[in-house]
**Q** 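One structure is given below, represented as structure tokens, and several questions about it will come after.
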Amino acid sequence: MSSFRVSAGILASTVLMSLGLTATPALAVEETPTMTDRMAAVQTAKSLNYYPSDAGWSAMWTGFDPVRIDADLARIADLGADNVRVILFPQAFGWPTPKPEYTEKLRKFVSIADAHGLTVKVTLFDWWSGYNEVANSINWAKSVLAPYVNDRRVIAVELKNEFQPGDAAAVTWVKQVIPAIRAWAPDLPLTLSVDGGTGANGMAQIRSALAATPLDYYDFHFYGSSERALAEIRKAQAAVSPAPVVIGETGVSSAVVSEGEQGAYLARVFRAAAEAGVGSVSPWTLNDFATGAIPANSQVSTMPAQYRFGLYRADGTAKFAATVVRSWWTTGTVPNSLLNLGFEAAAADSPWRLANTGAGTPVIVSDVARTGSNSARFSGTTRTTAGLPSLVTAPITPVQAGYRWRAEAYARGVNATGVTEIALSWFDVNGKWISQNTSNRLPAGTSSWTKMVVEAVAPAGATSVQLHLKSGDNTGSVWFDDVAVS
């Protein structure tokens, strides 16, 4: 084992002992990392974005709490992760010269991560736009990164979070910073990320602008429709091919969708990424944020959705999304059972959503069930110009044109009228409806449990599908149970 790594391991143990904590054994590493080593780690990293729930963004550093960080990184490791992303802020760290107390905080963070078996990806220059200060930028980056150039605990550096390729000053700046850092640290992978709105087109712009100083890989922040994730990921790959792509941020806020749909969103992205050959997907973020946790001088602090992207609530309790992430990272699977196809999950954990509620609202009940305890009941429904009221979900498996799909559900009625059926609705890459395929219909009147089946081949141009359970113009009652889609 190299003396550098021996020292690093002793340092991690010393830091944790000073906190009254016990260090786990340092990762056994004998050689200085190569670019090949680090790029392999980048492309397979089970990575999670991190801020403490009570100190988001720059507040993580100004209010640095190593005990809280240790507990959180232990939780990240318990999910099955092997990497954590940390974001730095020049104005907090000290500009143009980093303050020693802040570089010490970064050292402690890396040591604590290592003690939990986690490598680190470092993002520089967030909340910063001093693009005219090239020399200071290079010197600042070198000062921050100097201890980690040959340290396997740090696997990559993102020069700028959510880079804007349409900003000419930013492009001029990064074209000078990249070669300077690369010449100084040739075995440290460098990347840039793009925001969800910039997407694949922005990645193509970056690739073109940096043709003479290319990135080692591209970091795609995906916040689009999870139902169309495969198509969007493939667009991103095509934009920068043959350079590798990772998904450095993804997720949806449980302030916008149910916690169940938040978990299903991540499941769909994991599956789509695997189908596309992208081996690293990093959810945003470990924790929800408490009121006041995001610095008040930031625009982010005014956005309610930003407070609830976490796998864990601000009080530390797990959300359904934590179950999804743990399943993927520890078993490599996210089964369809996560979709609550038998209606047995708690309401908060269910990804089912409502459509056309102006014509009626289905409810989950426990008085009738084919199996288990619960079913979904429609009673006294009508219809709107948009169609019948329905319960809607989308499968975890990504859609590809030409592939055959099958959905089924059981339904029974009491004095049922109107139309009761299930349907597969197809959408293109822009979310535009293409067509639908419907099942056999439930007979009118009172009936026993009846199997409803729809089979179809995904039409040309289809990139997503939704399963709808429908019952409209129904003066009686209908129950659905035991749904399947594949």
Side-chain angles (χ1 to χ4, degrees), residues 225-231 234 261 264 267-268 271-272 274-276 333-344 350-356 362 369-372 375-378 381 383 386-413 416 418-444 447-474 478-486:
S225 167
S226 64
E227 297 170 21
R228 301 190 293 276
L230 178 59
R234 284 179 168 164
E261 178 57 21
R268 295 185 197 108
R271 284 285 295 273
E275 183 69 27
T333 62
V334 277
N336 269 341
S337 59
L338 294 172
L339 294 174
N340 189 30
L341 298 176
F343 306 107
E344 301 299 315
S350 178
W352 288 98
R353 53 192 187 269
L354 305 175
N356 296 327
R370 178 176 178 268
T371 62
S375 64
R377 185 186 70 205
F378 292 74
T381 59
R383 69 170 63 221
L388 307 180
S390 61
L391 271 174
V392 184
T393 194
I396 292 170
T397 304
V399 169
Q400 300 181 70
Y403 282 52
R404 178 168 291 279
W405 284 78
R406 174 187 171 92
E408 63 182 53
Y410 287 84
R412 61 165 295 189
V419 175
T420 296
E421 63 189 11
I422 66 174
L424 294 173
S425 289
W426 306 97
F427 300 84
D428 70 12
V429 70
N430 297 312
K432 182 180 179 181
W433 183 81
I434 297 174
S435 62
Q436 76 168 353
N437 300 96
T438 57
S439 71
N440 52 304
R441 291 180 174 177
L442 185 70
S447 58
S448 59
W449 289 104
T450 301
K451 189 174 186 178
M452 312 175 83
V453 177
V454 54
E455 293 186 312
V457 173
T463 61
S464 66
V465 66
Q466 294 176 354
L467 172 61
H468 291 246
L469 313 183
K470 304 181 180 185
S471 185
D473 297 329
N474 181 9
V478 164
W479 293 262
F480 285 97
D481 202 0
D482 296 334
V483 181
V485 58
S486 60

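Throughout, residue positions are numbered sequentially from 1 according to the sequence presented.
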**Q** Applying salt bridge (Lys or Arg N to Asp or Glu O under 4.0 Å), can you list everything that pairs with Arg383, at least two apart in sequence or on another chain?
**A**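 So Arg383 forms a salt bridge (Lys or Arg N to Asp or Glu O under 4.0 Å) with Asp473.
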**Q** Which atom pairs, donor and acceptor, lie under 3.5 Å between side-chain atoms of residues 456-470 and protein residues at least two apart or in another chain?
**A**
residue : atom : partner : partner atom : Å
Thr463  : OG1  : Asp428  : O            : 3.2
Thr463  : OG1  : Val429  : N            : 3.2
Gln466  : OE1  : His468  : NE2          : 3.1
Gln466  : NE2  : Glu227  : OE1          : 3.3
His468  : ND1  : Ser390  : OG           : 3.3
Lys470  : NZ   : Gln436  : OE1          : 3.0

**Q** List the atom of Ala272, the atom of Pro398, and the distance in Å for their closest heavy-atom pair.
**A**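 Result for this residue pair: CA-CG, 4.1 Å.
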**Q** List the residues meeting side chain to side chain donor-acceptor pair (under 3.5 Å) with Ser435, not counting sequence neighbours, and say none if there are none.
**A**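 Per chain and number, Ser435 pairs via side chain to side chain donor-acceptor pair (under 3.5 Å) with no residue.
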**Q** Using the side chain to side chain donor-acceptor pair (under 3.5 Å) criterion, which residues pair with Trp426? Sequence neighbours excluded.
**A**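 If we apply the side chain to side chain donor-acceptor pair (under 3.5 Å) test to Trp426, skipping adjacent residues, the hits are Asn437.
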**Q** Go through the structure and list residues passing side chain to side chain donor-acceptor pair (under 3.5 Å) with Asn356, not counting sequence neighbours.
**A**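 Once residues adjacent in sequence are excluded, Asn356 has no partner under the side chain to side chain donor-acceptor pair (under 3.5 Å) criterion.
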**Q** Do you know which of Thr381, Leu388, Asn474, Thr438 makes side chain to side chain contact (heavy atoms under 4.5 Å, CB included) with Val419?
**A**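 Filter result, single survivor: Leu388.
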**Q** List in chain and number order the residues that pass salt bridge (Lys or Arg N to Asp or Glu O under 4.0 Å) with Asp482, two or more places apart in sequence or in another chain; answer none if no residue qualifies.
**A**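 Salt bridge (Lys or Arg N to Asp or Glu O under 4.0 Å) check on Asp482 returns Arg370.
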**Q** Output all residues satisfying salt bridge (Lys or Arg N to Asp or Glu O under 4.0 Å) with Glu261, sequence neighbours left out; order by chain, then residue number.
**A**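 Arg268, Arg353.
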**Q** Does Gly413 offer a backbone N or O that forms a donor-acceptor pair with the side chain of Ser447 under 3.5 Å?
**A**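 Side chain of Ser447 to backbone of Gly413: a pair is present.
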**Q** Can you list everything that forms a side chain to side chain contact (heavy atoms under 4.5 Å, CB included) with Thr397? Sequence neighbours excluded, please.
**A**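 Result, side chain to side chain contact (heavy atoms under 4.5 Å, CB included) vs Thr397: Arg271, Trp405.
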**Q** Looking only at heavy atoms, what is the nearest atom pair of Asp481 and Gly342, with distance?
**A**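 Distance-wise, the nearest heavy atoms are OD1-O, 3.4 Å.
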**Q** Under the side chain to side chain donor-acceptor pair (under 3.5 Å) rule, collect the residues that match up with Thr333, sequence neighbours excluded.
**A**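 So Thr333 forms a side chain to side chain donor-acceptor pair (under 3.5 Å) with Thr331.
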**Q** Listed by chain and number, what are the ring-ring contact (aromatic ring centres under 6.0 Å, His included) partners of Trp479, not counting sequence neighbours?
**A**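 Trp479 satisfies ring-ring contact (aromatic ring centres under 6.0 Å, His included) with no residue once adjacent residues are dropped.
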**Q** Looking only at the side chains, is there a donor atom on one of Asn340 and Ser350 sitting less than 3.5 Å from an acceptor on the other?
**A**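 A donor-acceptor contact under 3.5 Å links the two side chains.
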**Q** Using the salt bridge (Lys or Arg N to Asp or Glu O under 4.0 Å) rule, collect all pairs that involve residues 455-469, keeping only residues at least two apart or in two chains.
**A**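 As it turns out, the salt bridge (Lys or Arg N to Asp or Glu O under 4.0 Å) pairs with a partner in residues 455-469, which skip direct neighbours, are Arg406-Glu455.
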**Q** Please find the pair of heavy atoms, one from Val334 and one from Ile396, that lie closest to each other, and give the distance.
**A**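 Closest heavy-atom pair between Val334 and Ile396: O-CD1, 3.6 Å.
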**Q** Looking at every non-hydrogen atom in both residues, tell me the closest pair between Leu391 and Phe378 and how far apart they are.
**A**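 So the minimum-distance heavy-atom pair works out to N-CZ, 3.9 Å.
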**Q** Report yes if some heavy atom in the side chain of Trp352 is under 4.5 Å from a heavy atom in the side chain of Leu341; otherwise report no.
**A**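 Yes. Closest side-chain heavy atoms under 4.5 Å.
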**Q** With rounding to the nearest 0.5 Å, note down the distance linking OG in Ser225 to CZ in Phe427.
**A**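 Answer rounded to 0.5 Å: 9.5 Å.
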